[in-house]
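As the structure lists them, so they are numbered: ligands from 1, and atoms in each ligand from 1.
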Amino acid sequence: MPTNNQELTNWVAEVAQMTQPESIVWCDGSESEYDGLVSEMLGAGTLKTLNPDTHPNCFLHLSDPKDVARVEHLTFICTQNEDDAGQNNNWKPVADAKQKMNDLYAGCMQGRTMYVIPYCMGPVDSPFSRCGVEITDSPYVVINMKLMTRMGTAALRRIEAEGRFVRGLHSTGELDPDRRFIMHYPEELSIMSYGSGYGGNALLGKKCHALRIASWQARTEGWLAEHMLILGLESPEGETHYIAAAFPSACGKTNLAMLIPPEKFADWKIWTLGDDIAWLHTDDQGQLRAINPEAGYFGVVPGTNQKTNLNAYDMIQQNTIFTNVGTTEDNQPWWEDKKVGSPKTDWKGNEYKEGAGPAAHPNSRFTVSATGNRAYSTLAEAPQGVPISAIVFGGRRRELAPLVYQAKSWEHGVLIGAGVASETTAAATGEVGIVRRDPMAMKPFCGYNFADYWAHWLSFAKRTDTLPQIFHVNWFRQNEAGDFLWPGFGENLRVLQWIIQRCENKVGAKETAIGYLPEGDGLDVADLNIDPQVWESLISIDDDQWKVEMDNFGEYLHSYGDRLPDELLEQYKLVRSALG
Ligand code: GTP
Ligand code: SPV
Ligand code: MN
């Protein structure tokens, strides 16, 4: 065995005995290993080459049509006490869950290769990074992990030095939704996944490790693991502020993290640190700092075009794995709102027929190394991370939530985060467009009881008095015809500028029951020609609607019973009574 770590050696042997693979491959993370796996998959037909002239080194993978998104109803947190998982999670007793999974795993890799993938979430030389090992029988998982994480020999050396790692076992199984589970055992830092090859269910370093398991670890160790992008906003004077923002799945994180400023602000610059996950800690000066545990992007394809996200559009012209998009006549990838070309085949590999559904699945994805992004920040690899000036929560709300507002304090900001609600999207199976509560955009990803999680967030006020300001944004207000009221994308820069100006006390705001909102020309939109009435509706609140919202939110909070922190309830009462 190519490691001196006895625990890892034993575990690999145990898993092999249970799953009976034909062979075992220890992944070193090299380019040649990646190329070899790609060739094998091309030979097996599980990967197809895209047009090498227009899209060099790009490949298409089509999933089983019943395996195209996260499956929240089949995802479990397994703890000794049910209350530790909380009502925000599905729970199973540890022993029952293991029994179920071991039954599924018995002999499941017969005739297949078992890959052992050591990986590091975060820069390999950062004290804030954490390692894991994923065992899988899917070469698709290996090539995606190669692009998404620091994977291979360097990670294995760190595991050997540290002597600890998160264990993740994955098998594609039969892709039968009735034999599909994603189990987490936070008390022993392990994950078991069976029956899905889709991103969040199968790339165990991502949501399973870097959010569900890491959030648990973070609570015990005094840091935060969040569903957040990290960006740097550089002013024309060359000053950069870092912002971390949590929006639910398919609600705009990748797009914001790669934003290109509109012409009027062409001398401003956005740098991408991360597009999905942030690990936050306070340094010895009390400054909150963030690292991105990932090294690549698993991004939503539909909607990506030269106007909405030129950085992403250009990035995915080469060295990219596309999952579940359509193709054009000349074998280029195609998706809805690409604005160039037209589809010949759809995401099921059939001939595209107009009116018979989209060519690309609404949750089709690109996988690409972060180094392909021309706006990738040089500090994305910094072991100490970047200092965070502002934390932003957001959701997809066609009504109610204004374009932007600011919390009155850290504690009030935690209440705002806990109050996030958003319309469901195609990132998870189930109905789309239903508003549901999604605190801190972590409903599907918090590995423990939300009441304890909010208490953990609140506890940061006692660690330091230099915490970031907290904001809430909503890019998705619509009129009755379903048109977006705010242009979004690049124009979101204006909101980021307001946020930083508020952090520096450089612009006034109007105080309302829910927080501070823009006033006058404090948020610069004069040249956007937004109807004044529409603008007013974007930066004001409807007290009656908000009373209903807060009453619903209050019921939700109370459903957490005695574990709910008193401080959160106090904050809630302040806002509710201010609404009258
Ligand atoms: P996950 O990877 O699932 O966590 O998603 P995400 O939060 O990174 O979302 P992403 O940036 O991929 O955006 C999801 C969808 O929302 C895409 O189809 C985007 O085109 C669209 N979108 C992003 N930003 C905006 C915006 O400012 N306005 C509007 N109208 N749509 C947006
Ligand atoms: C999300 O659903 O929030 C994603 C994609 O970022 S997945 O990796 O599938 O979770
Ligand atoms: Mn996500």
(request) May I ask you to check if ligand 2 and Gly200 share an N or O to N or O distance below 3.5 Å? (result) yes
(request) May I ask you to check whether Lys253 has an N/O atom sitting below 3.5 Å from an N/O atom of ligand 2? (result) no
Determine, using ring centers only, whether [Y] and [X] are less than 6.0 Å apart.
{"X": "Trp347", "Y": "His361", "result": "yes"}
{"X": "Tyr140", "Y": "Phe59", "result": "no"}
{"X": "Phe247", "Y": "His227", "result": "no"}
{"X": "Tyr352", "Y": "Trp335", "result": "no"}

(request) For the Mn ion (ligand 3), find the closest N/O/S atom belonging to Asp276 and write down its atom name. (result) OD1
May I ask you to identify, for [X], whether its side chain, its backbone, both or neither come under 4.0 Å of ligand 1 on a heavy-atom basis?
{"X": "Leu256", "result": "neither"}
{"X": "Ser249", "result": "both"}
{"X": "Arg396", "result": "side chain"}
{"X": "Arg477", "result": "neither"}
{"X": "Phe489", "result": "both"}
{"X": "Thr308", "result": "neither"}

[atom] [closest protein heavy-atom partner, distance rounded to 0.1 Å]:
{"atom": "atom 9 (O) of ligand 1", "result": "Gly252 N, 2.9 Å"}
{"atom": "atom 2 (O) of ligand 1", "result": "Arg365 NH1, 2.8 Å"}
{"atom": "atom 6 (O) of ligand 2", "result": "Lys207 NZ, 2.6 Å"}

(request) Have a look at Gly394, Pro302, Ala250 and point out the one with the heavy atom closest to atom 17 (C) of ligand 1. (result) Pro302
(message) Which option wins on minimum heavy-atom distance to atom 8 (O) of ligand 2: Lys206, His227, Glu294?
(response) Lys206
Contact atoms of ligand 1, heavy-atom distance to [X] under 4.0 Å:
{"X": "Pro248", "answer": "7 (O)"}
{"X": "His227", "answer": "4 (O)"}
{"X": "Lys253", "answer": "1 (P), 4 (O), 5 (O), 6 (P), 7 (O), 8 (O), 9 (O), 11 (O)"}

(request) If the plane angle is over 60° it's perpendicular, under 30° parallel, otherwise tilted; pick one for Phe450 and Tyr453. (result) tilted
(message) Can you classify the ring geometry of His472 versus Tyr405 as parallel (below 30°), tilted (30 to 60°) or perpendicular (above 60°)?
(response) parallel
Can you find an N or O of [X] that's nearer than 3.5 Å to an N or O of ligand 1?
{"X": "Asp276", "value": "yes"}
{"X": "Asn492", "value": "yes"}
{"X": "Phe476", "value": "no"}
{"X": "Asn255", "value": "yes"}

(message) Please determine whether any non-hydrogen atom of Cys251 lies less than 4.0 Å from an atom of ligand 1.
(response) yes
(request) List every atom of ligand 2 that sits less than 4.0 Å from any heavy atom of Ser249, numbering the atoms from 1 in the order shown and giving each element. (result) 1 (C), 2 (O), 3 (O)
(request) Using a strict cut-off of 4.0 Å, indicate which atoms of ligand 2 neighbour a heavy atom of Asp276. (result) 6 (O)
Would you call [X] and [Y] a salt bridge, taking side-chain N to carboxylate O under 4.0 Å as the test?
{"X": "Arg180", "Y": "Glu174", "value": "no"}
{"X": "Glu336", "Y": "Lys338", "value": "no"}
{"X": "Arg398", "Y": "Glu480", "value": "no"}
{"X": "Arg494", "Y": "Asp527", "value": "yes"}

(message) Do Leu310 and Asn305 have side chains that approach each other closer than 4.5 Å (heavy atoms only, starting at C-beta)?
(response) no
(message) How close do Arg70 and Pro444 get, counting heavy atoms only, and between which atoms?
(response) NH1-CB, 3.6 Å
(request) Taking both backbone and side-chain atoms into account, decide whether Ala427 has an N/O/S atom under 2.8 Å from the Mn ion (ligand 3). (result) no
(request) Give a yes/no verdict on a cation-pi contact between Arg150 and Tyr119, requiring under 6.0 Å between NZ or CZ and the six-membered ring centre and an angle within 45° of the axis. (result) no
(request) Check each of Leu231, Leu256, Asn311 against Ile270 using the side-chain contact (heavy atoms from CB on, under 4.5 Å) test, and report the only one that passes. (result) Leu231
